[in-house]
A.B. asks: 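Please find one structure pasted underneath; my questions will follow.
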Amino acid sequence: MPTLTVIQGPDEGKMYELPTDEPQLIGRSGEALPITDNTVSRRHSELTPDGDVWYLRDLSSQNGTIVNGVAIKDRIRLEQGDEIRVGATLLLFGDPNTVDRKPSVLITDDFEIEPEVETRITTPSDSYIGADASDDPDAAEAAVDHLRVIYTLTALTARIVNKRELLEAVMDLVFNEFKPERGVIMIQGATLDEPLVPGVIRYANSPKPDEDQTIHVSRTILDAAMVGEGILTTNAMTDPRFVSGDSVQQYQIRSAICSPISFGDHYFGAIYIDSSTQNHAFIKEQLALLNAVGQHTGLAMANADEHLKRVNSERMAAIGETVASLSHSIKNILQGLRGGADVVEIGLHKSDLAITKNGWGILRRNLDRIASLTMNMLAFGRKLQLELELARLSKIAEDCAQLLEKQCYEKGIALIVDADPEMPPIMVDPNLLHQALMNLLTNAIEAVEPSVGVITVRVAFNESRPDPNVPGAMLRPAATITVIDNGPGVREDKLAWIFEPFNTTKGLKGTGLGLAVTKRIVYEHKGRIRLESTPGKGASFRIILPADLDTMLDPSATSNRQGPQMTDSLGLL
């Protein structure tokens with residue numbers, strides 16, 4: 001059971017256990033966790049569980065809710081070790097004896113002095129390595145080294161479009177080249193009115209549990225960076241700009257660099273690094289290099305924004321196509337329902353039971369179609385969560401056949417289940433697998449000709465056995481479900497996209513979701529689905545499932561098992 005521990009404030013030392021099935025209120029209200037801190041609002045913030053995941057949101061409290069040093073505006077997901085500040089109370093989410101305390105960033109406002117620095121470089125950089133670099137061997141060597149850094153940075157920013165990954169990679173490069181003790185990349189919020197928030201926090205050596213884990217950054221330095229000025233303080237302890245302030249002197253920052261992350265006139269944030277090592281003072285050339293790093297990072301972030309815009313545009317186009325396809329299918333089903341209802345109404349008006357039964361048959365078929373469409377839409381549109389349990393595939397196949405028995409009878413076709421009676425149960429999600437098999441069988445029923453159609457569902461099991469292609473290796477145990485029909489088959493030009501969503505071979509009768517959902521369900525089971533078809537000679541859909549899925553999904557499983565090596569291939573293709 002997750003816990004909240006008060007690590008600072010009037011109730012320090014108190015621990016609250018969080019039940020996994022109900023939200024918890026933080027505040028001074030009688031229904032909230034009992035906190036005596038007068039700076040906490042009556043209804044300050046709310047913790048909400050979702051399975052094993054907890055979320056936190058501020059309830060428009062007077063002092064706000066701060067997580068890891070950053071004030072939250074929307075609901076956020078909590079992780080073990082997160083620190084939550086409400087008023088003067090600091091809470092630790094998770095077991096304090098096992099979780100690692102997370103570093104945080106605090107922007108200090110203890111002085112308001114115009115930044116007058118001994119080294120000031122604006123972006124674009126007006127000096128880099130010096131005009132006389134060719135006459136100075138050390139400067140020339142530094143220029144070559146800086147060029148190497150820029151080349152490395154260009155290579156990684158060109159291939160990364162995810163902003164989080166980009167900032168992590170940039171911080172890796174900065175720590176490798178500048179050797180700071182601490183560093184943080186501060187990111188501008190969605191608007192200029194929003195405060196800077198830490199995007200990446202890094203320590204060269206993790207602070208000890210009894211050490212201050214907060215990086216204190218002067219707002220004056222950040223403000224200068226956000227107007228395009230890189231700042232270097234080679235010895236902040238004696239810098240006259242900080243005589244009246246405490247942020248630098250209190251936290252013993254002897255050398256610090258802060259450079260803007262910018263592209264054109266847009267500033268995304270700043271890179272800040274510092275060191276308290278006396279013999280490790282940053283120099284002017286490093287400031288110029290970090291400014292260049294900030295400019296390349298800004299270009300990459302601008303590219304990431306453009307990429308996101310393109311993705312969103314393509315997503316909206318895909319949504320439009322999806323809505324159009326579904327609307328077309330739903331319109332056809334509604335027309336069928338309306339037609340059936342008209343026939344039922346005529347039968348009732350004439351008191352003719354035969355006509356009414358005929359109309360009800362039309363209604364029932366279209367109700368089945370819209371129910372199937374709804375289930376497939378739900379499966380296709382949400383993240384599937386497998387609920388594994390031991391189940392017999394033969395029982396799932398028989399249940400599906402029983403549900404479709406009336407349809408087969410009305411069409412005059414045969415549906416045969418051929419299952420191995422000795423087959424052991426395996427770990428699957430029976431409900432999802434039932435849906436996948438129903439999609440295949442429904443397609444087969446619609447494909448075969450009335451009175452002569454035959455559909456066979458074959459269920460088999462293969463024990464683990466030696467891999468003929470890899471000496472000493474074993475093929476994993478697997479189960480197969482094969483749906484065979486004697487319908488017209490699938491044309492060769494349609495095989496390539498048969499499993500793609502919204503592509504159908506059934507004209508107005510199909511939605512193109514059934515096979516796409518079936519494939520997704522099978523792949524979630526770490527299995528495969530294959531189609532074999534010859535035009536005019538029927539089709540065969542074969543589902544191949546690993547019989548040891550519970551082992552494959554076990555996060556504690558390793559590849560160094562005792563006994564023969566098991567190959568990843570199912571060996572049944």
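What you see below is based on every heavy atom in this structure, not just the backbone, and it leaves out hydrogens, waters and symmetry mates.
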A.B. asks: Mind checking the CG-CZ spacing from Leu287 to Phe178? Nearest 0.5 Å is all I need.
C.D. replies: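 These two atoms lie 8.5 Å from each other.
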A.B. asks: For Asn176, I'd like to know if atom CG has over 12 heavy atoms of other residues, nucleotides or ligands within 6.0 Å.
C.D. replies: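 Atom CG in Asn176 is crowded, with more than 12 foreign heavy atoms closer than 6.0 Å.
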A.B. asks: If we ignore hydrogens and angles and just use 3.5 Å, is the side chain of Arg28 paired with the main-chain N or O of Val40 as donor and acceptor?
C.D. replies: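 Present.
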A.B. asks: Using the rule given for side-chain contact (heavy atoms from CB on, under 4.5 Å), can you reason through His44 versus Asp58, listing the C-alpha separation, both sets of side-chain angles and the distance that settles it, and then say yes or no?
C.D. replies: CA-CA 6 Å; His44 200 107; Asp58 183 68; 4.0 Å; yes
A.B. asks: Taking Thr39 for the side chain and Ala88 for the main chain, is one N or O donor matched with an acceptor at less than 3.5 Å?
C.D. replies: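 A pair under 3.5 Å: yes.
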A.B. asks: Between Ile261 and Val170, does a side-chain contact (heavy atoms from CB on, under 4.5 Å) hold up when you go through it step by step?
C.D. replies: CA-CA 11 Å; Ile261 299 175; Val170 169; over 6 Å; no
A.B. asks: What's the shortest heavy-atom distance between Leu232 and Ile283, and which atoms?
C.D. replies: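 Heavy-atom minimum between the residues: CD2-C, 3.5 Å.
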A.B. asks: Under 4.0 Å between a side-chain nitrogen and a carboxylate oxygen: does that hold for Glu46 and Arg75?
C.D. replies: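 Looking at Arg75 together with Glu46, the answer is no, because their closest N to O distance does not fall below 4.0 Å.
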A.B. asks: If I compare all heavy atoms of Tyr267 with all of Gln188, which pair ends up nearest, and what's the gap?
C.D. replies: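 Result for this residue pair: O-CB, 4.0 Å.
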A.B. asks: Test Phe93 against Gln80 for side-chain contact (heavy atoms from CB on, under 4.5 Å), laying out the working first.
C.D. replies: CA-CA 6 Å; Phe93 179 74; Gln80 292 287 318; 3.9 Å; yes
A.B. asks: Would you say Pro260 and Asn291 make side-chain contact, with heavy atoms under 4.5 Å?
C.D. replies: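 Side-chain contact under 4.5 Å: yes.
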A.B. asks: Side chain of Thr3, backbone of Gly94: donor and acceptor closer than 3.5 Å?
C.D. replies: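 Such a contact is found between Thr3 side chain and Gly94 backbone.
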A.B. asks: Looking at Glu387, is its backbone amide N or carbonyl O close enough to the side chain of Asp429 to form a donor-acceptor pair, meaning the two atoms are under 3.5 Å apart?
C.D. replies: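 Side chain of Asp429 to backbone of Glu387, a donor-acceptor pair under 3.5 Å: yes, one is there.
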A.B. asks: How long is the gap from CD on Gln24 to OG1 on Thr48, to the nearest 0.5 Å?
C.D. replies: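 With rounding to 0.5 Å, CD (Gln24) is 9.5 Å from OG1 (Thr48).
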A.B. asks: What I'd like to find out is whether the side chain of Arg148 reaches to under 4.5 Å of the side chain of Glu177, using heavy atoms alone.
C.D. replies: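 In short, these two side chains touch, coming nearer than 4.5 Å.
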A.B. asks: Can you give me the closest heavy-atom contact between Ala256 and Asp274, atom names plus distance?
C.D. replies: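 So the two residues come closest at CB-CB, 3.9 Å.
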A.B. asks: Are any of the side-chain heavy atoms of Tyr272 and Ile257 separated by less than 4.5 Å?
C.D. replies: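 Side-chain contact under 4.5 Å: no.
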A.B. asks: Where do Phe263 and Ala302 come nearest, in terms of heavy atoms and distance?
C.D. replies: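 For Phe263 versus Ala302, the nearest heavy atoms are CD2-CB, 3.6 Å.
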A.B. asks: Is it the case that Lys519 places NZ or CZ above or below the six-membered ring of Tyr523, under 6.0 angstrom from the centre and within 45 degrees of the axis?
C.D. replies: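 Verdict for Tyr523: a cation-pi partner in Lys519.
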A.B. asks: Enter the distance from Phe282:CZ to Ile273:CD1 here, rounded to the nearest 0.5 Å.
C.D. replies: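 One finds 4.0 Å between CZ of Phe282 and CD1 of Ile273.
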A.B. asks: How far does CG of Leu90 sit from CG of Asp11, to the nearest 0.5 angstrom?
C.D. replies: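 Here the rounded value is 12.5 Å.
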A.B. asks: Would Asp82 and Leu56 satisfy side-chain contact (heavy atoms from CB on, under 4.5 Å), going step by step from the backbone distance to the final call?
C.D. replies: CA-CA 11 Å; Asp82 282 342; Leu56 175 70; over 6 Å; no
A.B. asks: Determine whether Arg520 and Val517 make a side-chain contact, defined as any pair of heavy atoms from C-beta on separated by less than 4.5 Å.
C.D. replies: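 No, too far: nothing below the 4.5 Å cut-off.
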A.B. asks: Is the shortest heavy-atom distance from the side chain of Leu59 to the side chain of Leu25 under 4.5 Å?
C.D. replies: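 Yes - at least one pair of side-chain heavy atoms lies under 4.5 Å apart.
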A.B. asks: Which atom names give the shortest non-hydrogen contact between Ala204 and Pro180, and what distance separates them?
C.D. replies: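 Here Ala204 and Pro180 meet closest at CB-O, 3.4 Å.
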A.B. asks: Just wondering, do Leu167 and Ile187 contact through their side chains at under 4.5 Å, heavy atoms?
C.D. replies: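 Yes. Closest side-chain heavy atoms under 4.5 Å.
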A.B. asks: Measuring only between side-chain heavy atoms, which start at C-beta, is Val293 closer than 4.5 Å to Ser259?
C.D. replies: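 When only atoms from C-beta onward are counted, Ser259 and Val293 do not touch, as no gap falls below 4.5 Å.
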A.B. asks: If you take all heavy atoms of Tyr203 and Arg182, which pair is closest and at what distance?
C.D. replies: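 Scanning both residues completely, I find the closest heavy atoms to be CE2-CD, 3.5 Å.
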A.B. asks: How long is the straight-line distance from CG of Leu91 back to CD1 of Ile26, given to the nearest 0.5 Å?
C.D. replies: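 Reported to 0.5 Å precision, the distance equals 5.5 Å.
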A.B. asks: So, taking the atom named OG1 in Thr518 and the one named CD in Gln435, what distance separates them when rounded to the nearest 0.5 Å?
C.D. replies: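 Between Thr518 OG1 and Gln435 CD, I get 7.5 Å after rounding to 0.5 Å.
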A.B. asks: Determine whether Phe268 and Thr297 make a side-chain contact, defined as any pair of heavy atoms from C-beta on separated by less than 4.5 Å.
C.D. replies: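 No, too far: nothing below the 4.5 Å cut-off.
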